Every structure is written in structure tokens, then in C-alpha cells.
Amino acid sequence: MTQSPGQGKALDNLLTESRTFPPSDEFAAQANAKPELYEEAKADREAFWAKQAERLHWDTKWDQVLDWSDAPFAKWFVGGKLNVAYNCVDRHVESGHGDQVAIHWEGEPGDSRAITYAELQREVSKAANALTSLGIGAEDRVAIYMPMVPEAIFAMLACARVGAMHSVVFGGFSAEALRTRIEDSSCRLVITTDGQYRRGNPAPLKPAVDEAVAGAPSVEKVIVVKRTDTEVAWTDKDVWWHELVDSQSDQHTPEAFDSEHPLFILYTSGTTGKPKGILHTSGGYLTQTSYTHHHVFDLKPDTDVYWCTADIGWVTGHSYIVYGPLSNRVTQVVYEGTPNTPHEGRHWEIIQKYGVSIYYTAPTLIRTFMKWGADIPAKYDLSSLRVLGSVGEPINPEAWIWYRENIGGGKAPIVDTWWQTETGAIMISPLPGVVATKPGSAQRPLPGIGAKVVNDEGVEVEHGGGGYLVLDEPWPSMLRGIWGDEERYKDTYWSRFADQGYYFAGDGAKYDSDGDLWLLGRVDDVMNVSGHRISTTEVESALVSHPTVAEAAVVGASDATTGQGIVAFVILRGGAGDDAGGAEAIKALRDHVAKEIGPIAKPRQIMVVPELPKTRSGKIMRRLLRDVAENRAVGDVTTLADSSVMDLISAGLQSGKSED
Ligand code: WTA
């Protein structure tokens, strides 16, 4: 053993990565973000945020930037009034951009639709009138359970326009998941489709709504968009979108709502127990999504074509497809389907077709592209891309480099953006054109944001040290609570470092020797090997840095001698060769980790698997892998994207043991 773990030390810092990529002079010269932004925010944080809020149209200006007297319940831009939908749609038409395409919508079967801001205004107005005709107004809750069709975005904006709160439930969730979410916030209306295209085939969606609504008495009406034209059962609560909405006037005068007027609830599953309804409000949320989208993605509304690949069922779809981008007058691609339908080059084909210049996706997808092989993107013209983004998980340095080289042409800056459903908008990210990027690091809190890494006692760790990531200043787009449960809000986020008043995000992180931040995964996943607190992220990144490995997940399994032993599950890259899963190759992988990180992090066991268990938003479910590693019956798999994955993994394990 090389060192004994220090007192109060939350996490060891093991992996080092020293590559950096400074911005080119050309990029820096044209960048929206300038180095002074950091200074400006530091000099006067509230004045800085007030200036960012000026990006929006306010019907009534606020008289106080922040009221934190009732912490942890914040109020931002107190006394201000605005309409969120007006800010995302109408004002762009009024400023003469009605003919600009807002959304290039690409359906999975290959159908497409270009929607201008003028058309968006008409569609959202009609939908708003339809909501009013059903008696839906301020603070009513509306559940939206839809695939990635334009009407999903119209519906969200229509809710915002009339002051109703939307609760978008991902279209891949079950009837039961939908029912509990509808029930928790007593939704009066559900908006859905007859079906959805998934992997080339229409799949029914409405039956799940029927089942959910049968057990959710708060629902009075269900609006159904015809997407797949599949036959659906009909109840007296149901009404077709094309009958109700299309007959409405396309004129609608938006009303200004208070800055703290609730905008939406989005459920996020906790590690245990029932999902939490994360509550977001209007003025602060729109200010920060707009500010971050402008600076982090360097958006130029007249020339860029932006594409965020998230689903509107996740917060990334809310903040970086709908609110941030549209408030900035984006032209964006919205794609309905999966990345390998009808072929594994679909994303690159879409980028080539629309000349996409900014592309924002998740590490899980980047690693999948790595597995499919670099020859696929190589067949397309991706030269329009100038900024790449990543969100959702730590991005392994090797995946980052692969992304830069094979997608970004070796030059597009990559912004690794750390944030959460709870934070509402990006909190930590390099600013392109200002910060020299480092593969695998989210680097710095954005100007105006306070974040640091602390130890068990809440004391900031030194450069080179690891610990807990906390947010030490309130921020405009912060959650305002958990729907219907104030205590749970305080307990979940504000109790761990109550003395210091810090928000604890649940993530581990470290500083490198420059003071840049590296995210190390959820602290619940941290492994303890012979008293060393080792992050899953670092060991996974070491594995992915081997040329044969596309994706890896590691867990700590109980071990008689070391407390926990590291067990790794790996997916091989396309073209890794037939021997890559053999005993020799596995030994080489274990040695590789020992070399990259140190003998302490050498996996006890490595298993080659065809897939990893992931949530529907692409995060690896290590809890289930821990069950496998400890030979237990696999636990609750209801949030798993594909429940057959665990069978595949277990079957593979029986056929070949890789322990040496
Ligand atoms: C993780 C997604 C490392 C993290 C916007 C966080 C990340 C959780 C990153 C929130 C990143 C997100 N680097 N980890 N760039 N981005 N995460 O609520 O663990 O779906 O707490 O929000 O994802 O996930 P959520």
C-alpha cells in the first residue's frame, strides 16, 4: 500500500490526464464568451445576473435580484413579470425573424418539417387557446407523454403561455410510472399521441395513457396527436389534437406572470423511494438557460444550426431544446428517432443534411459510436461542426478524444457540461474560446456560479484532492423545491452540509493541480478498497483508455481481505479482434489499469459483456451490477431501459469466468 487515507478524506485522486487544447485564435476572436465575464461576475454577482436577465423581455422589471431570506427557498428577480413563451417565440417574430426556421424536425421514418418562428407562434397560440377552451389556466398541471414530435414542443410552450405547469413524462416510461406522476401533482390534462416510431416501427403509446388515466381521477381530458395513425381505443375524455387545436384562432395575447410563477415539474427518480417532482419557476430559470446556452454553445442565431440529441422527457430537453435555445432565437434540429435507425450513420447523415454546427449529446452515445466504429462517421461530411457538447455522465478522456477527432475534425472545442435536473441549467463547463479544454474535465463553475469540492467536514480540499461537489451560492435556475414535500427538499439537498448552507449535489469530484474540476461519479457508487476511496469514473476511464474497450462500468463488491474489490464490466470496441475477450487480454487490461492508476485500482475481476444496464436517460445502473458481482438476485429493474440486458449479462457470466 502506498499511502494511508487521510482523515476526513472523501475520495482519493488517482488518475492523471495532462492533455490540454487551447482555443484557436479565430475561435477566441469570434466567441460570445470573453475572459472578462469571470471578473465581472466575481465583482458583483447580483449585478451580473441582473445583466443576464436583460437578455429577456420583461413586462414589469424586478425590484430585487435575489431574495434568499427564506433559504433554501430562493426568489429571483422579485417583483418582475414576464411570459416565458412570448420570450421564446413572439418576440423573435416581432423583431423581424418570423421567416427564420426555428425547428428542422426530422421524423424517424424520414419525413421532415421546417417550422418557422411565425408558424411556431401560430401553433403555440392555437394550442394555448385550446388549453383555455378546456379551462386550463395558471398553475393547473398538464402531463405531456409524447415522443419527439413538434406538438410536444408546442404543448410545452402553450402551457407556459397560459401559466399552466407542464409535467413531461418520458414516452418510454410505463403506464404505472405515468400514473404515479400524474397522481403526485394532480394533473387535469394529459397530452399524448396515438403511437410513436421506435427503431423503424410504430409502437402504441395511448394504451399506456388509458391505463394510467383509469387510475388517476384528477384527469379530465386527454388530447391525442395523430402520429402513427394506428387504431386506438377511445374514451369520453379523449379529444384529437387536430380537431381541438386546429380549429382554434391562431391569435393569442400572452399574459405576463410573476418571475416566481411555477413553470414546470419534472420527475427525477431518487436512488430509493418515489420519484421527486422537481419544481422550476419562470424568470430565473429562463435567465440562466438563456445565458448558458448563449455562452457555453457560442450560439450565433443568424448562422448556426444547433442540435441537442436529448429527449424532451429529460431536463436537457427542457433547458437545451425548448427554453434556452428558443429564447436565443435558435435554428435547431429536432430528431424523433433512435441513432441506428435505419442505419448507424443516422446522426451524421442528419448533420450533413442540415449543416449542423453545434452538437450536444451524452457520453453513453459517444461510447456507443466508438463501439460501432470510426469508419461510420468518416463517410459523412461533418465539416460544419464547430462546437461539441457532452452531458449526463463524466466523459472518459478517451471518449472525449475520440469525439474530438472523429466528430469534431480535431478542432471543434468540446464543452463538458455538468448540471442536474435540480440545477435547471449548466453550472460547470469550460467556456469555448476562453478556456483551454481538458479531456474529461468539466473544469470551472460558470461566471456567476459558486461550486467547490469539500471534505467530510465541509472544508474545501486542496488542489489535487478529492471530495464532495457542493454549490455554495444560490443560482437563478435552481429548483424551488420538491412538489408537495418541503421536508424532503431540505433533507435531500441541504442537510449534508447544513452548517455551511451548501447544496450537496450527490456527486464526487476532485481538483487537479490547476484547480480545474473533474467529476468522479455519484458518491453512492464510490468503492472502498483497503481504505482507499476510489471513484468508479477513474477506473472506468482507465479501462476505456485501452484501445480494445469502448465502455466500462465498475463496482465495488464485498471482499474478505480488502473490504471491497473492484469488479469491472467492459464492452469491447468494434474491430477489437476475437482474442480481446480471452484470458491473456483480460490480464493485459488489469495490468493496464494498474499502470494508469496504480496497483490499488487493479480490478479483481473483469467481465466482457455485450451491453450494460442503463436508465432510459443512458446512465449506468451500477446497483444492478453490484448485485451480479456479489452473486445476489438482481434488484428492481423497473427503471432499466432494456430489461433483457441483465439476462444477457448473467448468461454471459455463466459461460466464461475471467478471474485469474
Ligand atoms: C451526472 C442531467 C459528470 C451527475 C443534466 C449529475 C455529469 C447527474 C455531467 C444529473 C457531467 C451530468 N459530468 N457527471 N458533465 N452531467 N452528470 O438530473 O451525476 O439527469 O448529478 O441531469 O448526472 O442527472 P440529470
Side-chain angles (χ1 to χ4, degrees), residues 11 168 170 264-271 275-280 285 288-289 292-293 296 308-324 360-367 388-397 399-400 403 414-430 437-446 449 451 453 466 468-471 477-479 482 492-493 496 503-510 516-526 535-538 540-541 614-623 639 641:
L11 211 50
V168 182
F170 176 58
F264 66 83
I265 302 172
L266 183 57
Y267 287 87
T268 171
S269 36
T271 36
K276 305 186 284 268
I278 304 298
L279 174 68
H280 283 286
Y285 172 81
Q288 194 174 330
T289 50
T292 51
H293 180 257
V296 174
C308 165
T309 69
D311 190 282
I312 46 136
W314 314 122
V315 73
T316 308
H318 285 59
S319 302
Y320 296 103
I321 293 178
V322 182
Y323 295 108
Y360 188 30
T361 194
T364 176
L365 202 53
I366 297 166
R367 292 186 301 250
L388 301 177
S390 171
V391 62
E393 280 180 293
I395 177 165
N396 323 97
W400 192 103
Y403 193 27
I414 297 178
V415 288
D416 175 7
T417 63
W418 179 90
W419 58 294
Q420 307 179 294
T421 304
E422 291 86 343
T423 70
I426 298 170
M427 303 293 282
I428 304 175
S429 167
T437 54
K438 294 181 179 176
S441 173
Q443 298 194 299
R444 308 188 185 168
L446 290 177
I449 299 299
V453 182
Y468 305 101
L469 178 68
V470 297
L471 303 171
S477 64
M478 67 194 293
L479 74 167
I482 294 176
T492 312
Y493 305 106
R496 177 69 180 79
Y503 168 94
F504 174 49
D507 285 327
K510 68 177 184 186
D516 280 322
L517 276 164
W518 296 69
L519 274 302
L520 297 178
R522 307 291 297 171
V523 293
D524 305 338
D525 290 331
V526 166
S535 101
T536 50
T537 303
E538 292 197 314
E540 287 162 4
S541 290
K614 289 182 185 161
T615 63
R616 292 176 174 87
S617 67
K619 294 193 206 314
I620 296 170
M621 292 183 73
R622 293 181 186 75
R623 170 173 65 78
T639 51

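Since the structure is predicted, the reported quantities are computational estimates derived from the model, not experimental observations. Note that the numbering runs from 1 along the sequence shown for the chain. Numbering of ligands and ligand atoms starts at 1, following listing order. What you see below is based on every heavy atom in this structure, not just the backbone, and it leaves out hydrogens, waters and symmetry mates.
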Exercise for the section: Look only at the side chain of Ser535 and the backbone of Val526, and say whether a donor-acceptor pair between them is shorter than 3.5 Å. Expected result: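 The answer is no, because no donor-acceptor pair under 3.5 Å joins these two groups.
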Exercise for the section: Please confirm whether the backbone N or O of Thr423 pairs with a side-chain atom of Ser477, one donor and one acceptor, at under 3.5 Å? Expected result: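 Yes, Ser477 side chain to Thr423 backbone: donor-acceptor pair under 3.5 Å.
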Side-chain donor/acceptor pairs under 3.5 Å, residues 308-318, sequence neighbours excluded:
residue	atom	partner	partner atom	Å
Thr309	OG1	Thr361	OG1	2.9
Asp311	OD1	Gly313	N	2.7
His318	ND1	Ile312	O	3.1
His318	ND1	Trp314	O	3.1

Practice task
Using a strict cut-off of less than 4.0 Å between a Lys/Arg side-chain nitrogen and an Asp/Glu carboxylate oxygen, indicate whether Glu393 and Arg367 qualify as a salt bridge.
Solution key: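 Arg367 and Glu393: salt-bridged.
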Problem - Contact residues of ligand 1 (heavy atom under 4.0 Å), by chain and number - result: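 Shell around ligand 1 (4.0 Å, heavy atoms): Val315, Thr316, Val391, Gly392, Glu393, Pro394, Asp416, Thr417, Trp418, Trp419, Gln420, Thr421, Asp507, Leu519, Arg522, Lys619.
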Practice task
Find the distance between CG (Leu479) and OH (Tyr285) and round it off to the nearest 0.5 Å.
Solution key: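 Reported to 0.5 Å precision, the distance equals 12.5 Å.
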Exercise for the section: Examine the side chains of Lys614 and Thr364 and answer whether a donor and an acceptor come within less than 3.5 Å of each other. Expected result: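 A pair is found: one side chain offers a donor N or O, the other an acceptor, under 3.5 Å apart.
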